[in-house]
Protein chains: 4
Amino acid sequence: MTNNTFLNLPDEKKEKIIAVSTNEFAAKGYRGASINSIVKKLKIAKGSIFSYFGDKEGLFLHIFKFAVEKVKDYLRDVRENTKDQNIFERLKKILQAGVDFTDRHPNIYRVYIRMLLNSDIPLREDMQKSIREYAHEFLCELLYDAKEKNEIRKDLDIKIAAFTIEAVMDRFLQTRILPFLDPGADIYGADRKKCEELIDQIISILKKGI
Amino acid sequence: MTNNTFLNLPDEKKEKIIAVSTNEFAAKGYRGASINSIVKKLKIAKGSIFSYFGDKEGLFLHIFKFAVEKVKDYLRDVRENTKDQNIFERLKKILQAGVDFTDRHPNIYRVYIRMLLNSDIPLREDMQKSIREYAHEFLCELLYDAKEKNEIRKDLDIKIAAFTIEAVMDRFLQTRILPFLDPGADIYGADRKKCEELIDQIISILKKGI
Amino acid sequence: MTNNTFLNLPDEKKEKIIAVSTNEFAAKGYRGASINSIVKKLKIAKGSIFSYFGDKEGLFLHIFKFAVEKVKDYLRDVRENTKDQNIFERLKKILQAGVDFTDRHPNIYRVYIRMLLNSDIPLREDMQKSIREYAHEFLCELLYDAKEKNEIRKDLDIKIAAFTIEAVMDRFLQTRILPFLDPGADIYGADRKKCEELIDQIISILKKGI
Amino acid sequence: MTNNTFLNLPDEKKEKIIAVSTNEFAAKGYRGASINSIVKKLKIAKGSIFSYFGDKEGLFLHIFKFAVEKVKDYLRDVRENTKDQNIFERLKKILQAGVDFTDRHPNIYRVYIRMLLNSDIPLREDMQKSIREYAHEFLCELLYDAKEKNEIRKDLDIKIAAFTIEAVMDRFLQTRILPFLDPGADIYGADRKKCEELIDQIISILKKGI
DNA sequence: CATGAATGAGAGTTCATTCAT
DNA sequence: GATGAATGAACTCTCATTCAT
């Protein structure tokens, strides 16, 4: 749907458009986001957005795909960089990378989780499923490898384990971008060191149980 | 904010107003929800809603508080009914009760998770935090009891364990009302029996680790 | 489609809304007509028009049906008032009544003929056909009566005669509201007397041929 | 208004631009017609249209003049080719040629009658009058000749006769491009033979009266 | 107290027109 | 001379909110 006109824009402009739009969608959701508000912030003509993306849905889809790709990229990176470590090290690295990512791109992650929960809108079903499915399969692969290497219990149901890990990790990352989600003030690791400790403890619980 | 006029309404009418409004907010989100649409379904005058709740925000806040209370009620019930069981039995019961709850009141739970993500709108901070905080403290209490009874590791960090458990449980319940969140078709327990198995396995992972 | 709210309006207001809207559609056609422009002239809120008629199409349909009914009314009147006259007297009376009508309601007639030629728009097919069909059948009845009374040729094809008469009459009336349609300056009867002469001559040609 | 740049274009390109534009104006009217849509179909740059014709009005005027010239051409042809026939034969030939013309160029005729009704837009008065005036004078000449040759009544008012004939002929041609204008299904001559019969009957009524 | 007509700001969207390349 | 990106006014339509009845 996205127009060549947009793709041919100077990188700086493209990035600004994506950033401002992402912020708008992240802050107000699909319906709440206002093209008026976006173009005012961007100081461009309203018509330009429509020539770039067709309509509001087109803009959102672009933003969303962009966000999804960013998330996938970071997952891929971690996998490649942790190939020779054991599963618990790898999970730890994933969480740390996730923390970095949400710190660097809080609005991208906001758009991503917002849209997972917003059913009112124009994500094709497959888009909606795509990312959690991707994360799920990603974790399944990791766990499968780990089982082969006898790092985890032979009797573990991989799918359910993946589900559990994903839930915990996702929620942990959410606490970083949605402070109010954080149930205890001291769980939210403001500083790097505290944060690493938390990660260690979470991994530890996933490893040993409660 | 809610008016006495509303509170003095016959129960049946009050309930209908809450039910219809909850559905609307659950289906379309805060901004997407339309007072027009609500009053049309209710066959009452538009002005009435505004006299009852002041404005759209007031209506939403009422709906949301109501939803929160319902959730808290169910948590309280479970706690009372499982006092003499061990922690793993209790967690299992909580999850089962949660499944019942989301099956019976899918829209209440929908409103609740929808609104966790909406930052631009009118949840007072405390309202926003209230429910996850409540669940967190609720689990902390349970775990504290359990530690006293030597059901769990002595060295377990209770807050982080509570956080972990809550994350997994919440995500499990989300899969029931937002099917696309479910990463694997077979994780979603369509039938009662399958669902109980899943719960057992999740609890098992929480207990023993991976 | 038209709302009760509109129908319950004071007559004066209703008439003004119809008059202003009719002028707008008559002057600019369906697409060209602007709700903005209409409400500005009426000094009412934009929303009101939409609450009365649903949308632009609803407004137009109301206007159009209204115009059609007015035209039909005038045809009915003439028929009733000329029952005992011969066909040529009757045709003359019809044309004279038509002249009166277009003089009194030029915009109603304008809307009516505009819409016959505008295919881009929301007249249900039957609406489109309705009025010319009505006029055609109306003339067929008159001619059938006339044939029975031996006022016209026995071998005359009534349908084609009706078609011919309607074409001439319609065009004559058009010249009154669309001056530029008038091919010769002196055919257009500005004054009553001249106009009657023209009518006589037209009827004469229809009667005797050229 | 039309630019030399346009006139110097290869014939093929000029014709394509005129054809596509005529279709657009015929289908959607002046206001409804979209330059966007035209240039998309033509696969030329939007700016070109504006350099050729100045603005939308300029394009339309060109199209309209072109249509008028085509109509005049066909009238001239018929006159030349029927010089030695009597008036009723000539009228018949004119109608037959008109049928051919509307069958071959329905959109040209559509533009022409559409625009007769559009008062708000950019036909200079003289353009608006031009074509019907031309047709009127054309018929007057024919009738004047016929009177000299004693083919028609000596007492006939030529102008009014011309008006009458033109009205009937025009309406007949309209039925071919605007089927819904046709009052009776069987008046509309779908096939050539039926059509000729209709023409004969119409001419006969014009000749002998009703 | 209930009603629902009136309001007008603001939404998404289209489009003729301009102008730098 | 051709191009098409940028523009912003104008469009239809929605909606929370007000207030006279």
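Letters A, B, ... mirror the listed sequences (proteins, then strands); counts begin at 1. Everything quoted here is computed from the prediction, not taken from an experiment.
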Would you call [X] and [Y] a side-chain contact if the rule is heavy atoms closer than 4.5 Å?
| X | Y | answer |
| --- | --- | --- |
| V111(B) | F66(B) | no |
| L59(A) | F25(A) | yes |
| K56(A) | Y30(A) | yes |

Euclidean distance, atom [atom1] of residue [X] to atom [atom2] of [N] [Å, nearest integer]:
| X | N | atom1 | atom2 | value |
| --- | --- | --- | --- | --- |
| N3(D) | dA2(F) | CG | C1' | 12 Å |
| I38(B) | dG4(E) | CD1 | P | 17 Å |
| L9(A) | dA5(F) | CG | P | 10 Å |
| K28(C) | dC11(F) | NZ | C1' | 12 Å |
| F6(C) | dA6(E) | CZ | P | 11 Å |
| E24(B) | dC15(F) | CD | P | 9 Å |
| K40(C) | dA9(F) | NZ | P | 13 Å |
| F60(B) | dA16(F) | CZ | P | 14 Å |

message = Would you say T5(A) places a side-chain N or O within less than 4.0 Å of OP1 or OP2 belonging to dA5(F)?
response = yes

inquiry  = Return whichever of S48(D) or I44(A) has its heavy-atom-nearest nucleotide of DNA chain F closer to the 5' end.
reply    = S48(D)

ask   = Is there a donor-acceptor contact under 3.5 Å from the side chain of N107(B) to the main chain of R110(B)?
value =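 Checked: no pair found.
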
ask   = Below 6.0 angstrom between ring centroids: does that apply to Y52(C) and H62(C)?
value =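 Centroid distance Y52(C)-H62(C): not below 6.0 Å, so no.
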
Which part of the nucleic acid, if any, lies within contact of [X], taking any heavy atom under 4.0 Å across all strands shown: a base, the sugar-phosphate backbone alone, or nothing?
| X | value |
| --- | --- |
| Y52(A) | sugar-phosphate |
| I49(B) | nothing |
| K13(A) | sugar-phosphate |

message = If you assign each of K43(B) and A45(C) to its closest nucleotide in DNA chain E, which residue comes earlier from the 5' end?
response = K43(B)

key: Under 3.5 Å side-chain donor-acceptor pair for S37(C) and E24(C)   =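 Yes, a side-chain donor-acceptor pair sits under 3.5 Å.
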
S34(D) side chain to N36(D) side chain, donor-acceptor N/O pair below 3.5 angstrom =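 No, no side-chain donor-acceptor contact under 3.5 Å.
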
message = Run through DNA chain F and report every stem of 3 or more consecutive Watson-Crick or G-U pairs, distances under 3.5 Å, ordered by first number.
response = E:2-21 with F:2-21

Salt bridge (Lys or Arg N to Asp or Glu O under 4.0 Å): pairs with one or both residues in residues 5-14 of chain B, sequence neighbours excluded = D11(B)-K14(B)

Can you name the atoms? Protein N/O to nucleotides 14-16 of chain E N/O, anything below 3.5 Å, with the distance.
{"from": "dA16(E)", "atom 1": "OP1", "to": "A33(D)", "atom 2": "O", "distance (Å)": "2.9"}
{"from": "dA16(E)", "atom 1": "OP1", "to": "I35(D)", "atom 2": "N", "distance (Å)": "3.4"}
{"from": "dA16(E)", "atom 1": "OP1", "to": "K56(D)", "atom 2": "NZ", "distance (Å)": "3.2"}
{"from": "dA16(E)", "atom 1": "OP2", "to": "I35(D)", "atom 2": "N", "distance (Å)": "2.9"}

task = Assess K70(A) against Y112(A): is NZ or CZ under 6.0 Å from the centre of the six-membered ring, and within 45 degrees of the ring's axis?
result = no

